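This report refers to the structure that appears directly beneath it.
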Protein chains: 2
Amino acid sequence: MVTLKDIGLRLGISPTQVSRALGGYPDVSDDTRQRVEDAVRQLGYRPNPNALRLKAGRSGVVGLVVPENSEQEESNILLEILLGLAVEFWKRDVLVVLNVLPKAAPSTKSYTRLFRQAAVDGFVVVNPSADPGLLAFLMAESIPFVTHGRAATTAGHAFVDLDNRAVGQIMAARLADLGHRDIAFVDGPQDSFSAEERLSGLSGVLAARGLSQRDDLIHRGMMTEQFGEAAVLSLFKNPDRAPTAIMVGNLVLATGVMRGLQRLGLSVPGDVSVMAHDDVLARYPRTTLTPDLSGTASPFTEAWGDIAGFLGQAIDGKNPGGLQKLIAPVAVQGASVAAPARA
Amino acid sequence: MVTLKDIGLRLGISPTQVSRALGGYPDVSDDTRQRVEDAVRQLGYRPNPNALRLKAGRSGVVGLVVPENSEQEESNILLEILLGLAVEFWKRDVLVVLNVLPKAAPSTKSYTRLFRQAAVDGFVVVNPSADPGLLAFLMAESIPFVTHGRAATTAGHAFVDLDNRAVGQIMAARLADLGHRDIAFVDGPQDSFSAEERLSGLSGVLAARGLSQRDDLIHRGMMTEQFGEAAVLSLFKNPDRAPTAIMVGNLVLATGVMRGLQRLGLSVPGDVSVMAHDDVLARYPRTTLTPDLSGTASPFTEAWGDIAGFLGQAIDGKNPGGLQKLIAPVAVQGASVAAPARA
DNA sequence: TTGTAAGCGTTATCAC
DNA sequence: GTGATAACGCTTACAA
């Protein structure tokens, strides 16, 4: 490994001066600077990152905490998050280390080991609702962190999340405007905060218009094609109680929903209107369904920069309570909604 | 941050002695050791990892190189790899940082930045066939690395891979034993080395028995359900030329294959025998198909320990040419194969 | 059994 | 414009 000393030795100057030349300090003669730069190129010098870190008192490393038991069908989303964050932090000369949260009884003890040993400046916590105790621990230890997504309580910690309530509101408003009254809701399980938020968006819109919500049209479960299909079959079991529109949590679920409708011989939007939210993934082509689904979309990609920025500020000691951002979804105009067939 | 000096000051001893006490050196009085340990607990002392790394001349960090443009449908496999390796290295007190290989024209320059800046002791390269130039670069720079999977040339570098040729052989032998002659092959694309190996396993078995191979029964493409289904439809377009058995690369493809057969009204194994390889993923329940598929299986999980071990040895300067391992697949007895209906 | 001192590779401070 | 020195926190000869 080539060091500043090596270069100094070779050029007959002190390491200090080499450092200055490389650091772009003004008080270095042009001649010296030139020779240093040449030598650096020739010898292939690279600053020793460990020395820099020791000097700076920072590791330049952030931890990426991901729960061991991630939703199986969400693997492409999780991967998108991991890779997206790695790239974003890399731009900022920050390394991202993977911390897998032990599935079995994550205790304060395992956290401690995680944080002491990882020796990172801060953490990004993915899917924080998977382990609320973790956030409490981090806050108590005043370890800088930002979450992607939210758990129920967000007071005083930094997060970046999609505005899922707006997602629910946009879809519900569109459907209600068209005259739909029996709107089904197919989304993630009870402990999914994002699904909860979208449902509350729907409820709010209905309430504001004096419409009542039918609990029997709410289907929550795993975000798999299978569950989407099963939910549809269940929804249309009794034709008298069937919905005229369906709001779906994401495109995986929607794929199952559309398959179910097809199996039942129901046309979209002729018989049923369908809206879905699309977490646009940069690394995956958009799922193509027929007809094109109306609904909402949000580019995940937007989040990475915000998360990296927030974490940087949190590490710099800024009050994390102010570092919160909701990403607004955009409405997507497809061809899967129409006024209800029966008035 | 609490340092050795702080503890020494508090206890009226030198930092050196504190270090020794903590390091488990014998020449420390029991009394001193006790007091040090107490102080450590009280003050919450943690060794500064950056100082350790600088001192040791090693970072205790390995890079995990993943291609930006990973196969979309393989995301759960890639995630399994990332998390599996992270956990395995974590056990060995080694951190894993994510390095995403730039999609656009990965140049020597981008590699250089990646490797110098990352300041890691070595790399695990996932899916090396995605970028052969990378391996050449790493070897030329004599940077320690281990690949998971292989590209065509493996001379002189460490790798851990499934023995895909054996996979092909096991399936082909079983089918040939039952009397199948027209065996279709549905697997990954041309540039997939694993698919290539499995095909060569099939070819070898056929050749050894004096059977000829029908190129029109070979379908290679993306490992998606869609492609699997399309391949089946194509295979049975002309009934006279249809296969009596199908070998499938993985369970995602197999799901599509089974759906295709169902659509065609073909029963398994009555009309067609199906065998598939199952990369058993620890984090995902085994895909359940009806009937249970016969074929081969290999627990991915086995690979992590080997990879971590190999990389450790490579970092310690061991000749990487000797660090190569093929994991043997096991035969899986399902209910999806039978003798061909027509002799 | 303990302390002193040097060194890992950098950069900031101070002096010349 | 340049060089010596100290310091970041730790380990390890070498002394005592």
Side-chain angles (χ1 to χ4, degrees), chain A residues 1-40 43-61 93-95 115-121 315-316, chain B residues 1-40 43-61 93 95 115-121 315:
Chain A
M1 152 157 280
V2 186
T3 69
L4 289 183
K5 200 163 101 182
D6 296 329
I7 298 187
L9 238 46
R10 182 178 222 256
L11 264 41
I13 59 180
S14 74
T16 309
Q17 198 61 358
V18 179
S19 172
R20 275 195 278 248
L22 261 36
Y25 285 74
D27 48 357
V28 176
S29 75
D30 287 348
D31 176 55
T32 301
R33 193 185 302 278
Q34 192 56 51
R35 290 170 57 221
V36 166
E37 283 171 1
D38 289 346
V40 161
L43 281 78
Y45 163 82
R46 297 287 147 196
N48 180 324
N50 294 318
L52 291 177
R53 300 201 239 268
L54 175 59
K55 185 76 179 135
R58 290 231 178 118
S59 66
V61 177
D93 291 343
V94 172
L95 298 182
F115 300 129
R116 109 156 69 153
Q117 188 136 26
V120 300
D121 296 331
I315 290 171
D316 287 340
Chain B
M1 154 158 279
V2 184
T3 70
L4 289 183
K5 200 163 102 182
D6 296 330
I7 298 188
L9 238 47
R10 181 178 223 255
L11 263 43
I13 61 180
S14 75
T16 309
Q17 201 60 358
V18 179
S19 172
R20 278 195 276 247
L22 260 36
Y25 286 75
D27 47 357
V28 176
S29 74
D30 287 349
D31 176 54
T32 301
R33 194 185 300 280
Q34 193 55 54
R35 290 170 57 220
V36 166
E37 283 170 2
D38 290 346
V40 161
L43 280 75
Y45 164 82
R46 303 291 156 213
N48 180 324
N50 295 317
L52 291 178
R53 298 202 239 270
L54 176 60
K55 182 71 182 150
R58 283 216 187 137
S59 63
V61 176
D93 291 345
L95 298 182
F115 299 129
R116 306 293 192 197
Q117 188 135 26
V120 301
D121 296 331
I315 290 171

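Here the structure is a predicted model, which means the values were calculated and not measured. Chain identifiers are assigned alphabetically (A, B, ...) following the order of the sequence lines, protein sequences preceding nucleic acid strands; residue numbering begins at 1 within each chain. Quick note: numbers below take in every heavy atom, side chains included, and nothing from hydrogens, waters or symmetry partners.
- Taken from CD in B:E37 to OG1 in B:T32, the straight-line distance is 11.0 Å, to the nearest 0.5 Å.
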Worked verdict on A:V36 versus A:I13 for side-chain contact (heavy atoms from CB on, under 4.5 Å): CA-CA 10 Å; A:V36 166; A:I13 59 180; 3.9 Å; yes

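- A pairwise comparison of heavy atoms in A:V120 and A:V61 identifies CB-O, 3.3 Å as the closest pair.
- With sequence neighbours excluded, no residue satisfies salt bridge (Lys or Arg N to Asp or Glu O under 4.0 Å) with A:D6.
- Closest approach to the B:N48 side chain among D:dG3, D:dC10, C:dG3 is made by D:dC10 (side chain taken as heavy atoms from C-beta onward).
- Under 4.0 angstrom from either OP1 or OP2 of D:dG9 there lies no side-chain N or O belonging to B:T3.
- Atom CG in A:D6 sits roughly 10 Å away from atom P in C:dC8 (whole-Å rounding).
- Sorted by first and then second residue, the salt bridge (Lys or Arg N to Asp or Glu O under 4.0 Å) pairs with a member in residues 10-35 of chain A form an empty list; sequence neighbours excluded.
- We find that CG of B:N50 is positioned 13 Å from C1' of C:dC8, with the value rounded to whole Å.
- Between the side chains of A:S59 and A:D121, at least one donor N or O sits under 3.5 Å from an acceptor N or O.
- D:dG3 atom P lies 12 Å from atom CG of A:D27, rounded to whole Å.
- Evaluation of the side chain to side chain contact (heavy atoms under 4.5 Å, CB included) rule for A:D316 yields A:R58 as partners, not counting sequence neighbours.
- Fit an axis to the five pairs at each end of the helix from C:dT1-D:dA16 to C:dC16-D:dG1 and the two axes sit 50° apart, to the nearest 10 degrees.
- Listed by residue number, the members of residues 29-38 of chain B with any heavy atom below 4.0 angstrom from DNA chain C are B:S29, B:T32.
- Regarding A:R46, its CZ atom lies at a distance of 12 Å from the P atom of C:dT10, rounded to whole Å.
- D:dA4 atom C1' lies 12 Å from atom CD of A:Q17, rounded to whole Å.
- The CG-C1' distance, from A:L43 to C:dG9, rounds to 16 Å in whole Å.
- Residues A:V28 and A:A21 approach most closely at CG2-N, 3.9 Å, considering heavy atoms.
- Taking all atoms of both residues into account, the shortest heavy-atom contact from A:L22 to A:Y45 is CD2-CE2, 3.6 Å.
- One atom, CG of B:L54, and another, C1' of C:dT11, lie 13 Å apart when rounded to the nearest Å.
- Looking at A:N48 and B:L54, their side chains come closer than 4.5 Å, going by heavy atoms from C-beta outward.
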Protein-to-nucleotide contact annotation, 5' to 3' order, nucleotides 11-16 of chain D [B base; S sugar-phosphate only; - none; under 4.0 Å, heavy atom]: BBB---

